[in-house]
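Naming: A, B, ... by sequence-line order, numbering from 1 per chain. Just so it is clear, the structure is predicted and the values come from calculations on it, not from any experiment.
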Amino acid sequence: MSVVELTDALLGKVDKPARYIGGELNSANKAITPEMTRVAFAFPDVYEVGMSHLGMQILYHFFNRREDVFCERVFAPWPDMEEEMRKANLPLFALETHTPVKEFDFLAFTLQYEMSYTNVLNMLELGGVPIFSKDRTQDDPIVIAGGCCTYNPETLAPFVDIFYIGEGEISYDELFDRYQEWKAQGGTREAFLVECLKIPGLYIPRFYEVHYNEDGTIKERISLHKDAPEKIRKVIVTNVDEAFYPETQVIPWIQAVHDRATLEMFRGCIRGCRFCQAGMIYRPVRQKSKDVLIGHAKKLLESTGYDEISLCSLSTSDYDELEPFTNELLEICRDQKVNISLPSLRVDAFSVDLMQKVQEVRKSSLTFAPEAGTQKQRDVINKNITEEEILRGCKLAFEGGWNRVKLYFMLGLPYEEDTDIVGIAELGDKIVQTYFGVDKAVRAPGLQLTISTSCFVPKPFTPFQWAPQDTAESFIEKIKLLKGSITRKQIRYIHHDAKTSVLEAVIARGDQKVAELIYRAYKKGCTFDSWSEYFNHDKWVEAAEEMGLSFDFYAKRERSYEEVLPWDHIDIGVTKKFLIRENELAKAAKTTPNCSEKCSGCGASRFGKGLCHES
Amino acid sequence: MRVRLKFSKIGKIKYVGHLDTMRLFQRAIKVANLPVSYSQGFSPHSLVYFALPLAVGMSSEGEYMEIMMDEVVSPSEVKERLQKVFVQGITLLDAYEVEEKSTSLMSLVQGADYTIILKCENASITAQSLADKVENSDELIVLKKGKKGIAPVDIKPLILKSDFTQENDTIKIDLQVYAGSSKNLNPDLFVKALLGEEAYTMQVSRKELYTEEKEGLVPIYTVGRINE
Ligand code: SF4
């Protein structure tokens, strides 16, 4: 085993050197034995971002609960560090033991956003691991990838040996067991991958071949091995109360983006917003019981000393026992001087009341996500909230002494018209009027209303997976239109970059040809594409032109229901039939009830768990 | 009660900056389940104080911090419980109670010892040449970044002692300077004043912090101490 030594001279030259030293509170430290399976868990972004990610914290402790497995962490070195490492010829290493990633048994990436893909390639290259799966030998780690982006694995298929589709608690133990057997017997790498075909939830691209039609769409995907399943069904935890949950978190040396204890309330969401990928791929909804959550909260706070705890869920307000749960949590937190952060609340009386209890100082702002400006458009996306509810919620907030409100919207949603965009400004205007309607003596002075828009990116496994995305020009027009419609000086408008969103759409719904685009862009020097200071749109355009790839084909083109989609071999439980029905309802601006009101038969009940089976 | 701790910060952990180290201690104190006191008001924070910030990359054998507690816990127990939480790099050297009304830790600090290991590319710079430079100049002017931009300052009056020893191709400097909130000399600035634009690398370690008594500078751990 070799160790990468970081000299003082080197660390003295880089920004935030603590990113690279390891040894944090609650990090793992094990005596290494030859039998041990060593996993380098890689997050393809900088330390502060990766350390904020709950999934990584869960799996890190989940893997390390096994004595025969040692999981370490790896992050993308910031460009200044990368430069120093290249100059000094130092390979990418894992933080715990500073062992080069090449010496690990597994190099496991978690894929959370498309714009981090060039970092995956860069990390392989920095680690001395061949970028293409086909070029790897017995001396290389098995490169595995999981996380929400792997539901369309195709754009990274040539670079990854195994995709893990679903929740990590299910199949990793079996994977490690098989690996240890295989290692003891001394077979070939190929033999191990063949063995993995039998493990649920694993997609191994080398055992498939994709054929295309002349127009560039997919003709068919054929299995090259008798054991390679035609469809790979995601694996999920059925009993979330009994599922492993870490009693502790690794405490980052330097302040992370989210530096706090995190409680996972749910997996999945009952809502079924039609633009939301998480709402579909994590179905069916499974919620943890109050007592289990309180138990986790106590242990996490005890072992981390954090002064903030955050609830992680797609829709906090939908938690069954929200009131008793938050009351109990509040009590613990008050005792220990811990703040609670509550994301994803609906705009209703209960939320405002809760926020009031949680934030004794009202300095922070209230954040809500109506996503669209008009009722028609909210019905299109199945965001079941009315203008009345929004205004009532805001009124309560203003009466409660808030004067800063932030609203999130999307531009370019399917079937959107100009009136829907102007509608965002009008809604903003009504909120301002609501504020002035509250008694001067009650409301806090100086309303600040922030309207933030992002550009809609159609995602696989949503009812909008067939939809055309707006072009960058059209997004820019819409941004202009909205800007011009906002007249109130109390409203601040911020918006996202249109070009990044178009590229994101290309990658999100890409096929294996897009994998080549990513490779070419990477070769031109693209990394850290999710960081505006490093994002270089021109290089991506150049790369696409060189290979004759059209962004429009992936982003702007509307697909037919008959077309074979690149991710059709992945089975999330929710049926295509359901997605089609939802898209048709969207066209008619008709809503679908949420899972707690009425089951709409999406198909996810096949997992035998969740709300679908409780009622 | 007020418990003061002396600790060392050695190894890679020296790359964890001052604010992050403070946060680390605040968390460690909670994990150790010490009955730390909190400030009043809307966003209470734990009452934990550090003597003097330590720059990123600098190690130390003489750091001080203080914890205010609502309940009585013997200093040796505070030390033991806290030490269990720290995995590596931070070693608690001493713990003792100080009087409720004694001077705050921060305002006690008036002097500091540093050891600098210096390596210059230019071989004509030696321990002797540097010692001579300090000895023979009435003032040592260097540009310093301050609140009002960059301005020249004379650091000579801030130097209390400086010993230079040649050790093969490195120069070891044992430096005693004024430190704290009223007069402070950063060792980086001292080296810059001596070497200007010359190329060099160095490692700095803080050795001890002092306060001024009638008899001169005395180490912080000797004052305000209530013996157990
Ligand atoms: S099967 Fe019914 S209840 Fe279950 S997730 Fe699908 S729509 Fe919701």
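Each of B:His45, B:Lys12, B:Gln26 has some count of heavy-atom pairs under 4.5 Å with chain A, and the biggest count is that of B:Lys12. Of the listed residues A:Leu301, A:Thr304, A:Leu6, A:Asn29, the one with more heavy-atom pairs under 4.5 angstrom with chain B than any other is A:Thr304. Ranked by heavy-atom pairs under 4.5 Å with chain A, the list B:Asn33, B:Leu19, B:Val56, B:Ile13 is led by B:Ile13.
Counting heavy atoms of neighbouring residues, nucleotides and ligands inside a 6.0 Å radius, atom CD of A:Glu331 does not exceed 12 of them. Summarising the local packing, CD of B:Glu99 is surrounded by 12 or fewer heavy atoms from other residues, nucleotides or ligands at distances under 6.0 Å. Residue-environment remark: NZ (B:Lys161) stays at or below the threshold of 12 foreign heavy atoms within 6.0 Å. Heavy-atom neighbours of A:Glu533 CD from other residues, nucleotides or ligands within 6.0 Å: above the threshold of 12. Heavy-atom neighbours of A:Lys87 NZ from other residues, nucleotides or ligands within 6.0 Å: above the threshold of 12. At most 12 non-hydrogen atoms from other residues, nucleotides or ligands lie less than 6.0 angstrom from OH of B:Tyr221. For CE of B:Met106, the number of neighbouring non-hydrogen atoms (other residues, nucleotides, ligands) closer than 6.0 Å is 12 at most. Other residues, nucleotides and ligands contribute over 12 non-hydrogen atoms within 6.0 Å of the NZ atom of A:Lys30.
The interface of residues 71-80 of chain A with chain B, defined by heavy-atom distances below 4.5 Å, is empty.
Only the backbone of A:Glu302 has a heavy atom closer than 4.5 Å to any heavy atom of chain B.
Contact record, B:Val16 with A:Ala18: CG2-CB, 4.0 Å, taken as the closest heavy-atom pair.
Taking CG of A:Leu11 as the reference point, atom OH of B:Tyr15 lies at 4.5 Å (rounded to 0.5 Å). Remark: B:Gln88 CD to A:Glu24 CD distance equals 9.0 Å, nearest 0.5 Å. For the atom pair CG of A:Asp259 and CG of B:Asp20, the computed distance is 8.5 Å after rounding to the nearest 0.5 Å. Note that CZ of B:Arg23 and OH of A:Tyr306 are 9.5 Å apart. Values are rounded to the nearest 0.5 Å. Remark: A:Leu25 CG to B:Arg27 CZ distance equals 9.5 Å, nearest 0.5 Å.
Using a 4.0 Å cut-off between charged side-chain N and carboxylate O, B:Lys30 and A:Asp307 make no salt bridge.
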